[in-house]
Engineer: 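For reference, the structure I am asking about is given below.
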Number of protein chains: 2
Amino acid sequence: MFLMSIPHFETLLAFFKALANESRLKLIGLLAQREHSVEEMAALLQLKEPTVSHHLAKLKQLKLVEMRQDKNTHFYRLNQAALQSMSKAMFTPEHIVGLTADVDTDGWESKILRSYFEDGRLRELPASRKKRRVVLKWLVNQLDQDRRYAEKELNQVLKQFHADVATLRREFIGYNMMQRERGRYWRMPEVEWRTEA
Amino acid sequence: MFLMSIPHFETLLAFFKALANESRLKLIGLLAQREHSVEEMAALLQLKEPTVSHHLAKLKQLKLVEMRQDKNTHFYRLNQAALQSMSKAMFTPEHIVGLTADVDTDGWESKILRSYFEDGRLRELPASRKKRRVVLKWLVNQLDQDRRYAEKELNQVLKQFHADVATLRREFIGYNMMQRERGRYWRMPEVEWRTEA
DNA sequence: CATCTAATTAGATTTTTGTCTAATTAGCTT
DNA sequence: AAGCTAATTAGACAAAAATCTAATTAGATG
């Protein structure tokens, strides 16, 4: 239909607020099936019409629903496209990392992460040592602190971020972010990591 | 990693409630970068520790964050997998339609939609006339009531649900759900639709 | 024009949620 | 054990949000 830009903090928050309510979520469910008039929806959800109107106004503000008028009946329908594109872009790492723009502690690392991740996946391992370390640090952080992973399990987790899992494993060991013994891998405490692989 | 079952109404609502808050969303942003102690997060967000603790408890309940303890410092980290799988399954049509289970008006149509849609896409056009009509009805409802679509635009919208857009277009015309003239398509009011194609 | 209908807006009330301070717990450290 | 530190729990208070009734608007119809 049309692409929506990646939503920013305020947008995302507003979006969650809109959906974080029992009545509104039910309304969306109803509207996913077909259009409904305000009257109908009020009856189905056992709410008064003004209440429904109020909820629809919120959803309309965010373009999650659209309205058409026939005589003095207002028919609402869901804007699937808005919903989908929102949920799609929502939880990719580079986007989540961007959430903290205002707070941001280590802006430098965030910037690197954002630039190397795309649609939730690592495009390529950075060539420079410093950047590579940032990316690896983030990745190793996706693993459980105390768990011992079989190689297969480790691959499972890693391949969700990058195809070349063998290189990732090797780099982890190189930086001493992980250790291996008899086919099992586990994380090392951060103080033990090396600066150079 | 592991598959999560499709969340149901209560789960989904709880999930949105968890994220529909400025502080919690920022926490998630922070934790997406690396693990943090409660103290750190309180400082970064300019909140008191009990407040942060309280928010983390909510996120922990939903397994969105995990905690590891070192001495008496608690380190929290994000459970990316939970977040991702939640957002992924979230807004597929067959799931949204399922939201209204308790309310449900036309359970029969919903059931059909759920069974023919998978991951947001139409698996195949039902063979039986009655079922096909339900699916087409839903699809045509994704279009703007009053807009006139160029064939290309129409395809754009439709292909997001099904590859064989030519058949869909033909069926719409057949059921008189849409009309065409000089390469332009538009929706017909529901009263004009035919029962048989 | 008077009246009816469906919806929205205004304003009041109640419920839910976020934040704080104070008190408590759990785990060191001396 | 006494004291220290980081976190959690309890409870109070304040702010935000949901819902209702009443009043108003917009459009249709006799």
Side-chain angles (χ1 to χ4, degrees), chain A residues 9-10 12-31 35-62 64-77 102-103 145-146 189 191, chain B residues 9-10 12-31 35-62 64-77 102-103 145-146 189 191:
Chain A
F9 188 83
E10 304 299 336
L12 197 57
L13 182 57
F15 176 79
F16 284 130
K17 284 195 173 174
L19 300 182
N21 170 272
E22 181 168 344
S23 303
R24 282 193 296 268
L25 207 49
K26 282 182 181 167
L27 284 174
I28 290 198
L30 286 179
L31 295 175
E35 61 176 22
H36 289 269
S37 71
V38 176
E39 195 179 31
E40 279 180 305
M41 293 185 273
L44 286 167
L45 298 193
Q46 319 211 61
L47 293 171
K48 301 295 171 184
E49 289 182 35
T51 306
V52 171
S53 229
H54 167 247
H55 288 309
L56 289 170
K58 290 201 169 182
L59 296 175
K60 198 162 51 175
Q61 255 201 319
L62 297 178
L64 291 175
V65 303
E66 283 155 12
M67 195 260 274
R68 92 184 157 86
Q69 183 161 1
D70 180 36
K71 314 215 169 168
N72 47 8
T73 304
H74 295 186
F75 289 99
Y76 282 83
R77 74 184 185 85
D102 12 351
V103 173
Q145 192 76 23
D146 312 302
V191 289
Chain B
F9 188 82
E10 303 299 336
L12 197 56
L13 182 58
F15 176 79
F16 285 129
K17 283 193 173 176
L19 300 182
N21 171 271
E22 181 168 343
S23 303
R24 282 193 296 268
L25 207 49
K26 282 182 181 168
L27 284 174
I28 291 197
L30 286 179
L31 294 176
E35 62 175 20
H36 289 270
S37 71
V38 177
E39 195 179 32
E40 279 180 305
M41 292 185 274
L44 287 168
L45 297 194
Q46 319 210 60
L47 292 171
K48 302 295 171 185
E49 289 181 37
T51 307
V52 171
S53 229
H54 166 248
H55 287 310
L56 289 170
K58 290 199 170 181
L59 296 175
K60 198 162 51 176
Q61 256 200 318
L62 296 178
L64 291 176
V65 302
E66 283 155 10
M67 194 260 273
R68 91 184 157 85
Q69 183 161 359
D70 180 36
K71 316 217 168 165
N72 48 7
T73 303
H74 295 186
F75 289 99
Y76 283 84
R77 74 185 185 84
D102 11 352
V103 172
Q145 193 77 23
D146 313 302
V191 289

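Reminder, nothing fancy here: chain letters follow the sequence lines and each chain counts from 1. The figures that follow rest on heavy atoms only: side chains count, while hydrogens, waters and symmetry mates do not.
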Engineer: List in chain and number order the residues that pass side chain to side chain contact (heavy atoms under 4.5 Å, CB included) with B:E66, two or more places apart in sequence or in another chain; answer none if no residue qualifies.
Structural biologist: A:D144, B:R77, B:N79
Engineer: Checking A:N21 side chain against A:R24 main chain: does a donor-acceptor pair fall under 3.5 Å?
Structural biologist: yes
Engineer: Mind checking if A:F75 touches a base, just sugar-phosphate, or nothing, with heavy atoms under 4.0 Å?
Structural biologist: nothing
Engineer: Going by the rule side chain to side chain contact (heavy atoms under 4.5 Å, CB included), which residues pair with A:L62 if we only count those two or more places apart in sequence or in a different chain?
Structural biologist: A:A14, A:A18, A:L64
Engineer: Specify the separation, in whole Å, of atom CG of B:L13 and atom C1' of D:dA18.
Structural biologist: 13 Å
Engineer: Checking all strands, does A:K60 fall into the base, sugar-phosphate, or nothing category for heavy-atom contacts under 4.0 angstrom?
Structural biologist: nothing
Engineer: Under the salt bridge (charged side-chain N to carboxylate O under 4.0 Å, His left out) definition, can you give me all pairs with a residue in residues 43-62 of chain B, not counting sequence neighbours?
Structural biologist: none
Engineer: Going 5' to 3' along DNA chain C, which are the first and last nucleotides with any atom under 4.0 Å from a heavy atom of chain A?
Structural biologist: C:dT5 to C:dT9
Engineer: Kindly write out the residues that satisfy salt bridge (charged side-chain N to carboxylate O under 4.0 Å, His left out) with B:E40, not counting sequence neighbours, or none if the list is empty.
Structural biologist: B:R34
Engineer: I need the residues from residues 47-57 of chain B with at least one non-hydrogen atom less than 4.0 Å from DNA chain D; give them sorted by number, or say none.
Structural biologist: B:E49, B:P50, B:S53
Engineer: Please report the distance, rounded to the nearest Å, between CG in A:N21 and C1' in D:dA17.
Structural biologist: 9 Å
Engineer: Less than 4.5 Å apart, any side-chain heavy atom of A:L13 and any of B:E22?
Structural biologist: yes
Engineer: Can you tell me how the ring of B:F16 sits relative to the ring of A:F16, calling it parallel under 30°, perpendicular over 60° and tilted otherwise?
Structural biologist: tilted
Engineer: More 5' along DNA chain D: B:E39 or A:K58, using each one's nearest nucleotide?
Structural biologist: B:E39
Engineer: Of all residues at least two apart in sequence or in a different chain, which pass the side chain to side chain contact (heavy atoms under 4.5 Å, CB included) check with A:Q69?
Structural biologist: A:M67, A:H74
